[in-house]
Amino acid sequence: MENELVEQRKQKVKELRSIGVNPFPNDFKPSHDVVGVLSYYSSFSDEEIKNLSDKFSLAGRIIALREFGKSTFFHIMDRTGKIQGYIRRDVIGDEKLNFFKKFIDIGDFIGIRGDLFKTKTGELTINVKDFKLITKSLYPLPEKWHGLKDVETRYRQRYLDLISNPEVKEIFLKRTKIIKLIRDFLNERDFIEVETPILHPIAGGAAAKPFKTYHNALDMELFLRIAPELYLKRLVVGGFERVYELGRTFRNEGVSTQHNPEFTIMELYQSYATYEDLMDLIEELICFVTETLLGALEFDYEDMKVNMKRPWRRINLIESVKSRIGEEILSSDEFLFKKATSLGIAHKGIRGKAIVELFERTIGDEIVDPTFVYGFPIDVSPLARKNDLNPEITDRFELYLAGREVANAFSELNDPVDQKERFLKQLDFKSKGEEVHEMDEDFIGALEHGMPPTAGAGIGVDRLVMLLTNSPSIREVIFFPHLRPE
RNA sequence: GAGCCGUUAGCUCAGGCUGGUAGAGCAUCUGCCUUUUAAGCAGAGGGUCGCAGGUUCGAGUCCUGCACGGCUCACCA
C-alpha cells in the first residue's frame, strides 16, 4: 500500500469528482501577480487600503496553511513571490469554508479573488471573497522550516528543491540573468549570435574525450561537440567578423564539483583583434555582468574576497613559473620533468604540459583577484598563433579567478600550413597516450581560403555563474546535473 | 579509479561507541480555536532503519559485500 498521505489526497480527488468538482480545471485567469499587488499597494497607508475597493484575482501554489475554527490563513506562491490570504466564515460562508478545510492542502494550486487589508502585524493580505481549486497536489511538500536538504533528492527532483528552497530558485534566476547580460554586452558590440552543429564528424577544438553517437540514415558515427571553435572560425572565413555562440558542450570525462558531462560555453571571435584586445573585452564583459548583477565589483566566494576592480593583473606564465620554481625550467628538460613528476604531474614528456601544470598547481591555485596569465607554450596550444618574437610560445592567455580558470583566449592561428603542422604534432602526442586535438582537414581547407587575423575567447559559463552566486559545486548551477540512475 | 563520510516516518534529524523488537519536531488525522505567520492546546495514526549476507539466543546498532549520494585525491579542462 502506498503512503497514507498520498492515499488521503487521492481519496480527496475521488470525492471531489463525485460531487462534480474538477480537481484539475483550466479556466482560471488571474488578474494580477503577487509582486504586482505587493509593490503597488505597499505604498498606500493602512487607511487608504481600507478605502480601496479594488478586487484582485491571483493564482498560485499553497505553501503554508494555518487553520482556525472559523478562519484560515495561508500563503500562496506564484512566479513572482508569495502573499498571504485570509478566509473567514462571516465573509465567505459556511459551505466554502468547509470545502476549503476539507479539500485544500498545502501544495495545491488555487485561485483566489478578494480585496486587500493589513493584518495586525502589518502584512498585506488578501481578504478572500471566493476561491477555486486549480490543481490538486497528491504529494506533501517537504518540511516548511528546514526545506529540502537531501542533496540527492534536490538534484533528482529539482522541482521540489525549487519549491521549498527560495535561495536555490534565486541562483537559477541569476544564471538566466548572467546569460542575458552576456548576450546584451556582445550584441551591443556588433557580435552576431550563431548556432553551429552539435553533432560533429570530428570532435575538434579541444582535447577531450567525446561522447559517441550514430546517425542511422547516413550510417555514420558522430560525436557530440567538445567545443564549437572550429565551426565558428569557418564562419569567420565566411565573413562573419564578429560572432559568438552560447550553448551546450559535452565532454565524456569524470564528474566533480567543477565538471559536468554537459556544460555551457560561450565562445566569441573578433576579426582584426589580438589576444590583448580580448583581455580588454573580457575585463569589460565580466565587469559589466558582475556589476549589473551584484551592484558591486567585489564579492565573496567561499572563504575568498574577490576584487574585480580594473585594470586586472597580467602575468607571464613562463616568467612566473621560472621565478617560483627556478631558472632551469627553460634550460633543462631534466630539471623540468623531475620537478613536475615530484608533484605528481603526468606530463608524458611534453614540455608545455609540464610547465602549464606546474603553474596551475603552484601560482594558479593562489590567484584570487582576476588575473590574465599569458604566453602559453606552443605544444599545448595547437590552434593559437605563434608569438612573433618567440616561436616557442603562443599569443594566448587564460583568465584565473578565485583559483580557477574562467576563460581561455588567443589570437587565432590563420596560417593553414602551420595549422596542419600543429595537428600533425598533436598526432605525435597522441601516440604517447595523450588526449589531443584531432586532425581536421576540412578545417584546414577553410583556412586555405583565408581567415582574417582574428582573436577568439571561450568562457565557462557554469563556472562564472558559480563564482557570482557563491556556489561551491557546479551541480548547484545546473538544473539537472547527471547522476547514476537510482 | 582510491580514501573518508553518509543513507532511520512524506520532510528535518536523534538513537549507533557500549546489541535487548524504533524516537522527536514538522507534515497528516480527530477535537477546540475569527488577525495567524515555524500559530497554540489535547489526542491518534504513520517505519522493509538503503539492499544482501554473516556473527549472535537476539542486529537500526557489530562484521563483509553491493547500490546510491557527498567530499578529497587521482584522471581530466
Applying the Watson-Crick and G-U wobble criteria at under 3.5 Å, what pairs with [N]? Answer none if nothing qualifies.
{"N": "B:C73", "value": "B:G1"}
{"N": "B:U18", "value": "none"}
{"N": "B:C32", "value": "B:G40"}
{"N": "B:G46", "value": "none"}
{"N": "B:A27", "value": "none"}
{"N": "B:A67", "value": "B:U7"}

Requested in this report: Assign each of A:E67 and A:Y400 to its nearest nucleotide of RNA chain B by heavy atoms, then name whichever residue's nucleotide is nearer the 5' end.
Outcome: A:E67

Between [M] and [N] - [atom1] atom distance, rounded Å:
{"N": "B:C49", "M": "B:G60", "atom1": "C1'", "result": "5 Å"}
{"N": "B:U12", "M": "B:G53", "atom1": "C1'", "result": "32 Å"}
{"N": "B:C57", "M": "B:G1", "atom1": "P", "result": "39 Å"}
{"N": "B:C75", "M": "B:U18", "atom1": "P", "result": "39 Å"}

Ignoring hydrogens and geometry beyond distance, is the side chain of [X] in donor-acceptor contact with the base of [N] at under 3.5 Å?
{"X": "A:E4", "N": "B:G46", "value": "no"}
{"X": "A:H259", "N": "B:C76", "value": "yes"}
{"X": "A:E123", "N": "B:U35", "value": "no"}

Please state how far atom [atom1] in [X] lies from atom [atom2] in [N], giving the value in whole angstrom units.
{"X": "A:K70", "N": "B:C33", "atom1": "NZ", "atom2": "P", "answer": "5 Å"}
{"X": "A:L5", "N": "B:A44", "atom1": "CG", "atom2": "P", "answer": "18 Å"}
{"X": "A:F74", "N": "B:U35", "atom1": "CZ", "atom2": "P", "answer": "16 Å"}

Query raised in the report: Nearest to the side chain of A:R484 - B:U34, B:C76, B:G1?
Result: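 Output: B:G1.
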
Query raised in the report: A:F117 side chain: which of B:U35, B:G70, B:U36 is closest?
Result: B:U35

